[in-house]
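FYI, side chains are in, hydrogens and waters are out, and symmetry mates aren't considered; it's all heavy atoms of this structure. In the text below, chain A, chain B and the rest are named by the order of the sequence lines, each starting its count at 1.
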There are 2 protein chains.
Amino acid sequence: MEKPVKVGLLGLGVVGTGVLEILADHQEKIEKSIGCPLTVTKALIRPTEDKDEMAKKYNLQLVHELTDIIEDPEIDIVVEVMGRIEPAKTFIAEALKAGKHVVTANKDLLAQHGSELASLAHEQKRNLYYEASVAGGIPILRTIANSLAADDIQEVLGIVNGTTNYMLTKMVTEQLDYDTALKQAQELGFAESDPTNDVDGIDAAYKMVILSKFAFGMTINMDQVKVKGIRGLSGNDVTVADQLGYTVKLIGSTVKQGDSIAAEVGPVLVPSDHPLASIHNEFNAVFVKSSGIGESMYYGPGAGSRPTATSIVADLMTIVNKIQLGTIGHRFSEYTQPTKLTPPEEIVSKYFLSLKMPDETGQFLQLAEIMAKAGAGLEQVVQEKAQVENHARVVVITHKMSETTMSQIQKDIAEKTNFELLSTMKVMGE
Amino acid sequence: MEKPVKVGLLGLGVVGTGVLEILADHQEKIEKSIGCPLTVTKALIRPTEDKDEMAKKYNLQLVHELTDIIEDPEIDIVVEVMGRIEPAKTFIAEALKAGKHVVTANKDLLAQHGSELASLAHEQKRNLYYEASVAGGIPILRTIANSLAADDIQEVLGIVNGTTNYMLTKMVTEQLDYDTALKQAQELGFAESDPTNDVDGIDAAYKMVILSKFAFGMTINMDQVKVKGIRGLSGNDVTVADQLGYTVKLIGSTVKQGDSIAAEVGPVLVPSDHPLASIHNEFNAVFVKSSGIGESMYYGPGAGSRPTATSIVADLMTIVNKIQLGTIGHRFSEYTQPTKLTPPEEIVSKYFLSLKMPDETGQFLQLAEIMAKAGAGLEQVVQEKAQVENHARVVVITHKMSETTMSQIQKDIAEKTNFELLSTMKVMGE
């Protein structure tokens, strides 16, 4: 048995605690696998935090200064589980400069400053791993980097936000409206009191930036991801989608066409027999379409203390293996391609449109004319019985058309008719 | 760019052809990833085979003697895609002894002689990889060996045979009977003309032997897997299971209790909201229950030329990486534990029983007495209207009980009643 590898924790919240738990609970298997003990010896906390009991339980030293960890020659690896951008970014950079390997679960940081940190790690010949940053317990990044390296990925579609998937599941199965579903998610701890990052699709977009890098080798910025959330999504739309054979899901997608990609987050009508349609509640899944394997999907918990911690510990073990073999310093994903984005006129999809129109003769003809002029065919049309104030609700699913065409249709509806376009969503399928 | 790594193929059937295709189609990405070209230079075929066109297309030399490949100092890695036990076993052993690394997709061979070959590879300081042997395109072995090394796995449940999953899907969704479903699978090429290995669960058992080694570190033999297939499964049972909220699937399972495992293959009633219930047609999935992550599932094609070949090429790339880093000779799965099997009296499950009983007063009481005497509770009972010849069909789902108790009940029914026990299946759930 070799001498223990020592780890310093930056942050001691739920995920940090999870790391201590997993290391303790699976100690025997971990030691057997890496051939030495793996121990957290120090944790950085704020002076206001009281973690004495935990320090005693896990036999670790609490410190208030970063230097206490990164200048400790006994510590090989630093785990950052503080979240947010600063001071996490500075701390990770300092740790790398001090010669420590780093593991983090910080998706916000990686989506916004991942390339910079990865380059710093590479310069310093240190490893920077972050499996837990996307879809918590699902080992999707390592799978793409290793097993799918032999494959040519065309699409990555993910349900990568547990909060919104929980809400959408309730909206479909229990016909809850948006506000009630959000309230229930908050009560159960699946949504924060300020749910902005989740319901507006920002959290999912962070993960798509990271996934795009792994799947296509391209570095994109947050403002290159088209983001739409589910805030205020109509229960009516969810129900009519269900009747038409679709399940509404918040889908993060990055699709390759030729040598360019388009990354997007938004509510999508997923055909009910598609594997992503049966991902329920707070679970996550990443669906990959590739030239070699065809269709594969990776399913598991997207968050939670123990699943996230398990991914972090897997990263730690990988680093220990590399230290022992003397093969440190390689990037987590070595795949790089020049970044090229698909222009909107080449991004095609079927669309769902929900409209409110006066219940008068000739109204539908107007819509048909606008669609025909744009060259957009209709696949399914549902007109509900006249509702309040002589307005009818009409739902349309179109054939495939480009984002540019869709914009033109929206513009024409606004300018030339007195319809109200209640909502639009993309529809998955050919 | 370093000099090319050269590969010799043993066999040039559908999977071998797939390897050539994937290497050609994804050449650029593969070279970028491993830093050198990866080329098949020779293929071993039988003298009776005509593969001249393929040899020309892929610029490879056809040979009829193993020595032409294993004594070629230019070849680093041998890929065995002949199938069956012999001569594959001898050829792999000879290749390892000649200093070649080996990749194979041969599940029959690995399930029966995997330990022996892995030890030989270890002695020879060569790598033996076989990701493609379980669930073709799903990178499940590498995921368990790497990402789940930090976790403690309690259960591995797999739909690992595409033929039977296709048949069962048709039996549920189109109410086909067993024979029609089999005929359809054969016509579509999902089942062989002799379907024994598939429908009798043998193929799934091979895969569970390999999965058990990776998940629990234990080496079990085929005769330590309790195997039951779906041959002659009643369409009636499938339909009544559906009505009770279950989908019948052929499940390979290895479950750990304390420090012992029980491995089994058989038709199981899976609750309809379980992720495994929505795995349709020829697709495979492996569901893992573990202490850290909780529930995760890995889904994809279980067979097919390109998916299987993609897994083989991923193995090849891993070996090339290790050759370059000088870290060869480690086992694919390093995890080993003493093998211990759970005794039948400790293996508990809910059961589905389908019985034919005379439609007379007191008959059901007899069944109730037998169950009560065995200490087995009833959870659901469905008695169908009297059928032909004054016999009723009764379907029962029990509470959890041991395999020993179940055997006693079967014995009592045979000895003490004039019921006919039409079928029994395990039922997933608490």
Just checking A:E28: does its CD atom have more than 12 heavy atoms from other residues, nucleotides or ligands closer to it than 6.0 angstrom?
no
Looking at CG of A:L148 and NE2 of B:H26, how far apart are the two atoms once the value is rounded to the nearest 0.5 Å?
10.5 Å
Could you measure the distance from the OG atom of B:S278 to the NE2 atom of A:H280? Nearest 0.5 Å is fine.
6.5 Å
Highest number of heavy-atom pairs under 4.5 Å with chain A: which of B:A285, B:P275, B:S33, B:A277?
B:P275
Could you please state which residues from residues 16-25 of chain B sit under 4.5 angstrom from chain A, measuring non-hydrogen atom to non-hydrogen atom, sorted by number, or 'none'?
B:I22
If we define contacts as heavy-atom pairs under 4.5 Å, which of A:V313, A:D152, A:I30 has the most with chain B?
A:D152
For A:K29, I'd like to know if atom NZ has over 12 heavy atoms of other residues, nucleotides or ligands within 6.0 Å.
yes
Proximity of residues 291-301 of chain A to chain B, residues having a non-hydrogen atom under 4.5 angstrom:
A:S291, A:G292, A:I293, A:E295, A:S296, A:M297, A:Y298, A:Y299, A:G300, A:P301
Checking heavy atoms, do the side chain of B:A149, its backbone, both or neither come under 4.5 Å from chain A?
both
Just how far is it from atom OG1 of B:T327 to atom CG of A:L325, taken to the nearest 0.5 Å?
5.5 Å
Partner chain A: residue of B:S147, B:S290, B:G304 with the largest heavy-atom pair count (under 4.5 Å):
B:S147
Which residues in residues 328-339 of chain A have a heavy atom less than 4.5 Å from any heavy atom of chain B?
A:H330, A:Y335, A:T336, A:Q337
Residue by residue, scan residues 131-146 of chain B and write down, ordered by number, those that have a heavy-atom distance under 4.5 Å to chain A; if none do, write 'none'.
B:G137, B:P139, B:R142, B:T143, B:N146
